[in-house]
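This report refers to the structure that appears directly beneath it.
Counting starts at 1 for both ligands and their atoms, following the listed order.
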Amino acid sequence: MTDIFSAIQRSAIRIKDAIDTKDIGYSQQENSSGETQLQLDIKCDMIIEEEFSNVASIHTIASEEKEHEVMLHENGKYFIAYDPLDGSSLIDVNLSVGSIFGIYENAFGAKNMVASCYVVFGPRVEMVFAHNKVKLHLLQGKDFEFVKEIRLNEKGKLNAPGGTQQNWKPYHKELVDSFFADGYRLRYSGGMVPDLHQILLKGGGLFSYPATSDKPNGKLRKLFEVFPFAFIFKKAGGEAIDGEKDLMELSHANIHDTSACFFGSHYEVQRVKEVYANN
Ligand code: AFP
């Protein structure tokens, strides 16, 4: 696992350099979710594939930017699904973006996840790696220095509601409004990585991306976004559900499958469960 962690660190340093210096124009290509890829999306995907190609323990990779899995080393045991530059549509307005990595043993699937990691590219570059514990690292010079372990409180103060409100179910809107009525503050940038990072570091709250009338299975991808963050939230003492079920109990049929998702501290997720169980 140390070799994978090091490869992610090297990728993060190269991606930071690409964000700082490369053209951010659109390419002529679309990814599997039908989104036009930025040249930067393609560059970051290439950087990660190059770095992972040098790690013999990695069997197969799947990227949000690639239609199919790519086998790297026949004798490796790890399967890594990654989103090279999540939230890349925020690059042109200079908001924070991130890379997300789900590390699976023997095959892709929530039940096989053994570690997960994300990198936030904001005013500073930070990396959160979850294995047994959830650990925050800060890029200083060319090295990532350990900062602290991340633990969620029982209850937080932040509310990050995703999706287009006009497409929410009425009971979902009532749920979101009820948190605001209780004094929760809105914190939503449209980048999953910084939005969840904020909830993790400020002690708790709720991030939701529900099933909507236009996206009945949610927007966020199970292997590249949902499972990695579900693993992190659970290891940090929080919870992660699709409305009813634990996200880590979901299966997937295709590597690009999506799911509704709710990540948060215990108190907020219990409230989601109560509302969704009655609707
Ligand atoms: P992009 O990568 O297209 O910017 O999408 C970002 C994202 O996948 C995730 O990072 C956000 O949480 C989510 O989409 C935001 O979606 P909405 O704009 O529909 O709330």
Side-chain angles (χ1 to χ4, degrees), residues 15 18-19 22 24-27 29-45 48 62-67 81-102 116-122 126 128 158-169 172-173 175-176 179 186-201 205-230 232-233 240-243 247 252 255-264:
I15 290 173
I19 292 171
K22 296 283 184 252
I24 56 165
Y26 282 96
S27 69
Q29 303 172 38
E30 281 189 353
N31 68 14
S32 306
S33 308
E35 298 158 346
T36 308
Q37 291 171 308
L38 291 175
Q39 289 167 25
L40 199 54
D41 287 321
I42 299 167
K43 174 76 186 166
C44 295
D45 186 28
I48 294 169
S63 165
E64 204 245 303
E65 300 300 336
K66 294 188 207 310
E67 183 138 12
Y82 61 89
D83 186 346
L85 202 61
D86 187 70
S88 56
S89 66
L90 301 172
I91 286 271
D92 58 353
V93 289
N94 205 13
L95 285 174
S96 299
V97 292
S99 304
I100 312 169
F101 304 85
S116 133
C117 177
Y118 68 85
V119 183
V120 195
F121 301 96
E126 292 184 321
V128 171
L158 306 183
N159 192 9
T164 309
Q165 289 201 30
Q166 71 184 107
N167 300 326
W168 287 353
K169 300 203 171 97
H172 181 77
K173 179 161 173 46
L175 172 69
V176 171
F179 283 112
L186 175 65
R187 290 292 182 271
Y188 192 79
S189 73
M192 183 185 197
V193 175
D195 288 339
L196 286 171
H197 189 58
Q198 180 163 202
I199 289 175
L200 283 164
L201 288 183
L206 182 71
F207 174 99
S208 48
Y209 206 108
T212 53
S213 53
D214 59 333
K215 294 187 174 77
N217 294 318
K219 174 184 181 186
L220 301 175
R221 299 96 178 157
K222 288 179 178 172
L223 285 185
F224 310 113
E225 297 167 309
V226 173
F227 295 158
F229 273 109
I232 290 170
F233 268 72
I241 62 167
D242 68 352
L247 288 169
H252 71 282
I255 57 169
H256 293 282
D257 280 358
T258 60
S259 170
C261 53
F262 298 80
F263 306 91

For atom 3 (O) of ligand 1, grab the closest protein heavy atom and report residue, atom and distance to one decimal in Å.
Ser89 OG, 3.9 Å
SB check Asp45 Lys66 (cutoff 4.0 Å):
yes
Would Leu220 count as a contact residue for ligand 1, given that I'm defining contact as a non-hydrogen atom of the residue lying under 4.0 Å from a ligand atom?
yes
Tyr118 pairs by ring pair (Phe, Tyr, Trp, His ring centres under 6.0 Å) with which of Phe224, Phe233, Phe229?
Phe229
Among Glu225, Met192, Glu64, Lys215, which one has a heavy atom closest to atom 8 (O) of ligand 1?
Glu225
Among all protein heavy atoms, pick out the one at the shortest distance from atom 11 (C) of ligand 1; state its residue, atom name and that distance to 0.1 Å.
Gly190 O, 3.3 Å
Here the atoms of ligand 1 under 4.0 Å from any heavy atom belonging to Ser88 are 2 (O), 4 (O)
Can you list the ligand 1 atoms lying under 4.0 Å from a non-hydrogen atom of Arg221?
8 (O)
heavy-atom search around atom 15 (C) of ligand 1 in the protein gives Tyr188 OH, 3.3 Å
Do the side chains of Pro194 and Ser189 get nearer than 4.5 Å, heavy atoms only?
yes
Ligand 1 N/O within reach of Gly163 N/O, cut-off under 3.5 Å:
yes
Atom 2 (O) of ligand 1 - nearest protein heavy atom and its distance:
Gly87 N, 2.9 Å
Which pair of non-hydrogen atoms, one from Leu90 and one from Ser96, has the smallest distance, and what is that distance?
CD1-O, 4.0 Å
Please write down residue, atom name and distance for the protein heavy atom closest to atom 5 (O) of ligand 1.
Lys219 NZ, 3.6 Å
Kindly determine whether Asn217 and Thr258 satisfy side-chain hydrogen bond (donor to acceptor under 3.5 Å, both in side chains), including the steps that lead there.
CA-CA 6 Å; Asn217 294 318; Thr258 60; 5.1 Å; no
Under 4.0 Å from one or more heavy atoms of Phe207, ligand 1 contributes atoms 12 (O)
If we only count heavy atoms from C-beta on, is the Phe207 to Leu220 side-chain gap below 4.5 Å?
yes
If I take atom CD1 from residue Ile19 and atom SG from residue Cys44, how far apart are they, to the nearest 0.5 angstrom?
6.0 Å
Which atoms of ligand 1 are found less than 4.0 Å from any heavy atom of Tyr209?
16 (O), 17 (P), 19 (O), 20 (O)
Would you indicate whether the side-chain heavy atoms of Val97 and Val193 approach each other to under 4.5 Å?
no
shortest atom 10 (O) of ligand 1-to-protein heavy-atom contact is with Asp86 OD2, 2.5 Å
Any heavy atom of Phe224 under 4.0 Å from ligand 1? The part involved is neither
Under 3.5 Å side-chain donor-acceptor pair for Ser259 and Asp242
no
